[in-house]
Each structure stands twice: as structure tokens, then as C-alpha cells.
Amino acid sequence: MYKGEVRDMYRWPVKSLRGEKVSAALLDHRGMAGDRAYALIDERPERGRKRLTVRQRPEMLAWEAAYPATCDGSPEPSGPPVLYSASGAAWAWEDPELPAALAEEYGVPLSLRAADGQQDRGPTVLVTFEASRRGLEEETGQEVDIRRFRPNLHLDTDAPAFAEESFGEGATITVGEVTLAVVGDNAGPCIRCTVPSWDPYGRERRPELQKHLIAEHENKFGVIMRVTAPGTVRAGDVASVSA
């Protein structure tokens, strides 16, 4: 059993755009409420209306998405996000001119889609660990921004670096009333794509980072989990890890 706390929390309203750091969030059958609940759809005929992602357009990371603040501090978004361009211009999700503005920015005809649970591995929560982030910095000799890995929960615990690589079926994390578990399809240590090789703003790529993960960690970083007991999690909450 490892002990620690929730160091940081992140929500990514629009798939592949930059997201927001949050102080509280509802975790339930969807994963984190509002996480990847919106997406840009590639309308090129050969793409078959698939979601547009950083893998096709790294410049997507130049745009940010965030939900408007709620008066009551609710951990669940009350409406669609606002998108911010690289220049800082704000666009409401419902703005009829937004698809054209994004299409011009990325050079791809596209449409917008709202649907919960658009994570690559289903309605899940991605958890990363501060010890592993520090371990990766020590191994590579370079700073590692955890936002490269787009986690939902970033925990600071007494677990050793990279302990999550061995988390198997039944591993759990308890934070207050919430329980996360490695259970069902597509749960377990997260096999990374090329996205973490880009800095969080899409300005510079470090392909050697993924090469290191492949060579030294079987391309794993973080762990994919499902919510088995829902509730609200807040930054600073005590966390218990059983693997």
C-alpha cells in the first residue's frame, strides 16, 4: 500500500487541444466529467470522418480549451467549452464561424462533435505519478513537463518511480469517496503514442523522449483506470494506492 496525495488535476475538454488545470472534478462512469467530451472531425473524404488529432496536426496544441467557471464551484462543467487560439482570441464552441476558423488554422476541412467518452481507451482516467516524472528527468537529463502525457490525476506518493508499470488487474487507487481500478478492457499501464514527444504547446518535438520510453520502459508511462466508485476529487486529497 502506497500513500500520498493528489498533486495536480487536468481536464482536456477537446481531444488533442490543450486543456485546463482544475482544483476539483467529478469522476464517474464517463471517467472525468467533461474530459475529451468534444472533438474536431476530419472531413477529408479519405479520413472517413475520424477525429483530428495531434498525430495529424501538432499545431492543435497551440489552441486551448477550458470550461467557463461555475458560480457554485461545481466539479462538473455546466456547458460547452471556450476555445482560445494561439493569439488569445476566444471562441465559443457554439460559434458558427468556429469550424471555418479551425479549418483555416489547420488546413483541414472539419466539423465539431460533442460526445462524452472520446478517450482513446474508452471512458477512463489516466493517472501519472510524480516519482516517475522525476525518474524520467533523471534518466534523460532533461526537464519533463507532466502535461506532455495529458493525465487527469497526477499523484505524489511514496511509490517508487515507475511502479505503475507493473499495475495489473485489480490494482486500485482510493481518493476520498472515489475508487479507481485497473479493470476491464484497455485498462492498465498506458502505452504511449507519439504525442508526449511534443512539448505541451506543440512548438518543439523531442523524439528521443519516446525512444527512451520504448527502450527503457516498454513505452509505458502512467496507468489507465476505470471509476468503480464515483465522487468528487480535489487537488490535495489523500490518495491510497494498492497494487
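From a predicted model like this one, the values you see are computed outputs, not experimental measurements.
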**OP:** Establish whether Val144 and Phe162 are linked, either directly or via other cluster members, by ILVMFWY side-chain heavy-atom contacts under 4.5 Å.
**Re:** yes
Original post:
When you measure from the side chain of Asp158 to the backbone N and O of Lys3, does any donor-acceptor pair fall under 3.5 Å?
Top reply: yes
Original post:
Same hydrophobic cluster for Val125 and Ile146, using side-chain heavy-atom links shorter than 4.5 Å among ILVMFWY?
Top reply: no
Subject >> Side-chain touch Glu165/His217, heavy atoms, less than 4.5 angstrom >> reply: yes
Original post:
Under 4.5 Å between any side-chain heavy atoms of Lys50 and Gln56, yes or no?
Top reply: no
Subject >> Side-chain donor or acceptor of Arg57 paired with backbone N/O of Tyr106 under 3.5 Å >> reply: yes
Original post:
Are the side chains of Trp93 and Leu83 in touch, meaning some heavy atoms are under 4.5 Å apart?
Top reply: yes
Original post:
Same hydrophobic cluster for Phe221 and Met225, using side-chain heavy-atom links shorter than 4.5 Å among ILVMFWY?
Top reply: no
Subject >> Electrostatic pair Glu130-Arg134, nearest N-O below 4.0 angstrom >> reply: yes
Original post:
Between atom CG of Leu136 and atom CD of Glu216, what is the distance when rounded to the nearest 0.5 Å?
Top reply: 10.5 Å
**OP:** Kindly give the heavy-atom pair with the smallest separation between Ala131 and Ala161, and that separation in Å.
**Re:** O-CB, 3.4 Å
Original post:
Is there side-chain contact between Tyr38 and Leu17, with heavy atoms separated by less than 4.5 Å?
Top reply: no
**OP:** Give a yes or no on whether a salt bridge exists between Glu43 and Arg47, defined as a side-chain N under 4.0 angstrom from a carboxylate O.
**Re:** no
Original post:
Step by step, would you call Arg205 with Thr194 a side chain to side chain contact (heavy atoms under 4.5 Å, CB included)?
Top reply: CA-CA 10 Å; Arg205 191 178 183 191; Thr194 61; 3.7 Å; yes
Subject >> Check: Thr174 main-chain N/O paired with Ser240 side-chain donor or acceptor under 3.5 Å >> reply: no
Subject >> Gap between atom CG of Leu27 and atom OG1 of Thr124 - 0.5 Å precision >> reply: 10.5 Å
Original post:
What heavy-atom pair brings Pro80 and Pro68 nearest, and what distance separates the two atoms?
Top reply: O-CD, 3.4 Å
Original post:
Would you find a donor on one side and an acceptor on the other, under 3.5 Å apart, between the side chain of Arg148 and the backbone of Pro196?
Top reply: yes
Subject >> Residue among Val14, Leu40, Leu102 satisfying side chain to side chain contact (heavy atoms under 4.5 Å, CB included) with Met60 >> reply: Leu40
Original post:
Quick one: are Val6 and Arg234 in side-chain contact, heavy atoms under 4.5 Å?
Top reply: no
Subject >> For Ala243 against Ala171, the heavy-atom pair lying closest together >> reply: CA-CB, 4.0 Å
Subject >> Reported OG-to-CZ distance for the pair Ser111 and Arg113, which is rounded to 0.5 angstrom >> reply: 8.5 Å
Original post:
Is there a donor-acceptor pair under 3.5 Å between the side chain of Glu64 and the backbone N or O of Tyr84?
Top reply: no
Original post:
Would you say the side chains of Gln210 and Ser197 form a donor-acceptor pair under 3.5 Å?
Top reply: no
Original post:
Do Leu110 and Ile41 have side-chain heavy atoms sitting under 4.5 Å apart?
Top reply: no
Original post:
Are the side chain of Arg226 and the backbone N or O of Asp185 linked by a donor-acceptor pair below 3.5 Å?
Top reply: yes
Original post:
Is there a path from Val127 to Ile224 through hydrophobic residues (I, L, V, M, F, W, Y) whose side chains come within less than 4.5 Å of each other?
Top reply: no
Original post:
With side chains defined as the heavy atoms from C-beta onward, is the minimum distance between Arg55 and Cys193 less than 4.5 Å?
Top reply: yes
Original post:
Out of curiosity, Glu20 CD to Met9 CE, how far, rounded to the nearest 0.5 Å?
Top reply: 10.5 Å
Original post:
For the residue pair Leu26 and Gly231, what are the closest heavy atoms and their distance?
Top reply: CD1-O, 3.5 Å
Original post:
Is there a donor-acceptor pair under 3.5 Å between the side chain of Thr228 and the backbone N or O of Thr179?
Top reply: yes
**OP:** Could you tell me whether the side chain of Trp91 reaches within less than 4.5 Å of the side chain of Pro81, counting heavy atoms only?
**Re:** no
**OP:** Mind listing the closest non-hydrogen atom pair of Gly202 and Leu61 along with its distance?
**Re:** N-CB, 3.6 Å
Subject >> Test item: side-chain donor near acceptor, Glu164 and Ser132, under 3.5 Å >> reply: yes
Subject >> Side-chain donor/acceptor of Asn219 to backbone N/O of Leu213, under 3.5 Å >> reply: no
Subject >> Donor-acceptor under 3.5 Å (Asp199 side chain, Glu204 main chain) >> reply: yes
Original post:
Stepwise, does the side chain to side chain contact (heavy atoms under 4.5 Å, CB included) test hold for Arg30 with Glu76?
Top reply: CA-CA 12 Å; Arg30 297 166 293 181; Glu76 180 169 14; 2.9 Å; yes
Subject >> Whether Glu177 side chain and Thr232 backbone form a donor-acceptor pair below 3.5 Å >> reply: yes
**OP:** Enter the distance from Leu52:CG to Ser16:OG here, rounded to the nearest 0.5 Å.
**Re:** 7.0 Å
Original post:
Do Asp42 and Arg51 pass the side chain to side chain contact (heavy atoms under 4.5 Å, CB included) test, and can you show the C-alpha distance, the side-chain angles, and the key distance before you say yes or no?
Top reply: CA-CA 6 Å; Asp42 192 335; Arg51 294 169 298 185; over 6 Å; no
Subject >> Enclosure of Glu5 CD (heavy-atom neighbours >12, cutoff 6.0 Å) >> reply: yes
**OP:** Grab the two heavy atoms, one from Pro13 and one from Gly19, that are nearest each other, plus how far apart they are.
**Re:** CD-CA, 4.0 Å
Original post:
Tyr2 and Val178: same hydrophobic cluster, using ILVMFWY side-chain contacts below 4.5 Å?
Top reply: yes
Subject >> Spacing of OG1 belonging to Thr128 relative to CG belonging to Leu153, to within rounding of 0.5 Å >> reply: 8.0 Å
**OP:** Show your working on side chain to side chain contact (heavy atoms under 4.5 Å, CB included) between Tyr10 and Arg18 and close with a plain yes or no.
**Re:** CA-CA 10 Å; Tyr10 299 93; Arg18 292 205 323 276; over 6 Å; no
Subject >> Flag if over 12 foreign heavy atoms under 6.0 Å of CD, Glu94 >> reply: yes
